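Predicted, not measured: the structure shown is a model, and the values here were computed from it. A, B, ... follow the sequence lines: proteins, then strands. Residue 1 opens every chain.
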Number of protein chains: 2
Amino acid sequence: MHALSDPVRLSIVAELRKAEEGLNCVETTSRLKCTMPKSTCSQHYRILRESGIIQSERRGVELTSKVRRKELDSRFPGLLDAILKAWRREHEA
Amino acid sequence: MHALSDPVRLSIVAELRKAEEGLNCVETTSRLKCTMPKSTCSQHYRILRESGIIQSERRGVELTSKVRRKELDSRFPGLLDAILKAWRREHEA
DNA sequence: TTCTATTGTTCACAATTACCGAACAATAGA
DNA sequence: TCTATTGTTCGGTAATTGTGAACAATAGAA
């Protein structure tokens, strides 16, 4: 819950869910159109990773991350969907 | 989301949902079996109130609070249920 | 190999936020 | 009025978060 309570992290998760093949830090910040230092982005990714929400894989020089949909849905059914739906309602309205 | 990310606030909401007639700060801390200063409890209630999760009503010298179920369910369907279910799974397991 | 470019992490410090005790406000009853 | 109870506000301190600089790791070019 703490990992998903930060608005920046929530928007990162929302972007990761849209991108099927995963995203790295640089792609994420450019898609979010927010100026975020890479150290801050790295911290957010670390929190998301340690909380089990995303998994990351090294591809050459970059680190590609994806949402762990299956694990999350089996452990907390409907949770991420409900949170993202609420977030979109607030964020895009 | 921020209001629901704190474990103490989440346990307060869980207790409030169980108590049909609402609870005040003192009753809440005793039910949670946690030693929490009343100033801290007051802050948590203020955050829950300002975020629209609970509503409070003065009854004599005490302040009785309830979860705003209808408003929350109509605006964010399934959100609170999913969060509380996930919380119980982590908390009582 | 060595140099350069790119991506991401770590560290230390600054800024922000949360916690808590003390004083205060409000209400009820003796 | 006096006392007891509940809750809020305020100030200082502790904890957390954001950030730039330095560093690590990988890939490709020279």
Side-chain angles (χ1 to χ4, degrees), chain A residues 1-16 19-68 83 87 91, chain B residues 1-16 18-68 83 87 90-91:
Chain A
M1 284 308 303
H2 168 253
L4 292 175
S5 71
D6 182 272
V8 174
R9 285 196 290 273
L10 211 44
S11 60
I12 290 175
V13 173
E15 281 298 326
L16 288 180
E20 200 62 41
E21 288 304 309
L23 295 174
N24 62 25
C25 276
V26 175
E27 291 168 336
T28 307
T29 48
S30 79
R31 293 202 184 192
L32 293 180
K33 299 183 180 62
C34 69
T35 59
M36 175 169 48
K38 56 183 181 176
S39 58
T40 304
C41 191
S42 176
Q43 296 295 333
H44 285 314
Y45 269 89
R46 185 179 56 81
I47 291 173
L48 288 172
R49 204 178 305 123
E50 291 179 353
S51 68
I53 294 170
I54 66 172
Q55 59 183 356
S56 303
E57 180 190 357
R58 186 153 212 112
R59 287 191 180 181
V61 75
E62 59 191 275
L63 197 69
T64 302
S65 299
K66 298 179 184 179
V67 177
R68 302 177 65 177
I83 291 177
W87 176 81
H91 196 263
Chain B
M1 285 309 303
H2 168 254
L4 291 176
S5 72
D6 182 273
V8 174
R9 283 195 292 272
L10 212 44
S11 60
I12 290 176
V13 172
E15 282 298 327
L16 287 180
K18 283 195 285 186
E20 200 61 41
E21 287 304 308
L23 295 174
N24 62 25
C25 277
V26 175
E27 290 168 336
T28 307
T29 48
S30 80
R31 293 202 185 192
L32 293 180
K33 296 183 181 64
C34 68
T35 60
M36 174 169 48
K38 56 183 181 175
S39 58
T40 303
C41 190
S42 176
Q43 295 295 331
H44 285 315
Y45 268 88
R46 185 179 58 80
I47 292 172
L48 289 172
R49 205 178 304 123
E50 290 178 353
S51 68
I53 294 170
I54 68 172
Q55 60 184 354
S56 304
E57 180 189 358
R58 185 150 213 114
R59 287 192 180 179
V61 74
E62 58 191 276
L63 198 68
T64 303
S65 299
K66 298 179 183 179
V67 177
R68 301 177 65 176
I83 291 177
W87 176 81
E90 288 294 278
H91 195 264

Axis-to-axis angle across the helix from C/dT1-D/dA30 to C/dA30-D/dT1, five pairs an end, to 10 degrees? 10°
Go through the steps to decide whether B/M36 and B/C41 satisfy the test side chain to side chain contact (heavy atoms under 4.5 Å, CB included), and finish with yes or no. CA-CA 7 Å; B/M36 174 169 48; B/C41 190; 3.9 Å; yes
Between the CG atom in B/L63 and the SG atom in B/C25, the distance rounded to the nearest 0.5 Å is 7.0 Å
For B/E20, all residues meeting salt bridge (charged side-chain N to carboxylate O under 4.0 Å, His left out), sequence neighbours excluded: none
Measure the CD1-NZ distance between B/I54 and B/K66 for me, rounded to the nearest 0.5 Å. 12.0 Å
Can you check whether B/R59's main-chain N or O pairs, donor with acceptor, with B/E62's side chain at less than 3.5 Å? no
Hey, could you give me each pair passing side chain to side chain donor-acceptor pair (under 3.5 Å) that has a residue in residues 39-49 of chain B? Not counting sequence neighbours. B/R9-B/H44, B/T28-B/Y45, B/Q43-B/R46, B/R46-B/E50, B/R49-B/S56
Please list, for nucleotides 7-14 of chain D, all pairs of protein and nucleotide N/O atoms separated by less than 3.5 Å.
| unit_1 | atom_1 | unit_2 | atom_2 | d |
| --- | --- | --- | --- | --- |
| D/dG7 | OP1 | B/C25 | N | 3.3 |
| D/dG7 | OP1 | B/L63 | N | 3.1 |
| D/dG7 | OP1 | B/L63 | O | 3.3 |
| D/dG7 | OP2 | B/C25 | N | 3.3 |
| D/dG7 | OP2 | B/V26 | N | 3.3 |
| D/dG7 | N7 | B/K38 | NZ | 3.1 |
| D/dG7 | O6 | B/K38 | NZ | 2.7 |
| D/dT8 | OP1 | B/R49 | NH2 | 3.4 |
| D/dT8 | OP2 | B/S42 | OG | 2.4 |
| D/dT8 | O5' | B/S42 | OG | 3.4 |

Just to be sure I understand the geometry, which residues of residues 2-13 of chain A put a non-hydrogen atom under 4.0 Å away from DNA chain D? A/H2, A/D6
Which distance, rounded to the nearest 0.5 Å, do you find between the CG of A/D6 and the CG of A/L48? 8.5 Å
Starting at atom CZ of A/R59, determine the distance to atom P of D/dA27, rounded to an integer number of angstrom. 13 Å
Kindly write out the residues that satisfy salt bridge (charged side-chain N to carboxylate O under 4.0 Å, His left out) with B/K18, not counting sequence neighbours, or none if the list is empty. B/E15
With a 4.0 Å cutoff (strictly under), does any side-chain N or O of B/T40 reach OP1 or OP2 of C/dC19? no
Between the CE atom in B/M1 and the CE atom in A/M1, the distance rounded to the nearest 0.5 Å is 3.5 Å
Taking B/L23 as the fixed residue, which of B/L16, B/T29, B/T64 is the one that meets the side chain to side chain contact (heavy atoms under 4.5 Å, CB included) rule? B/L16
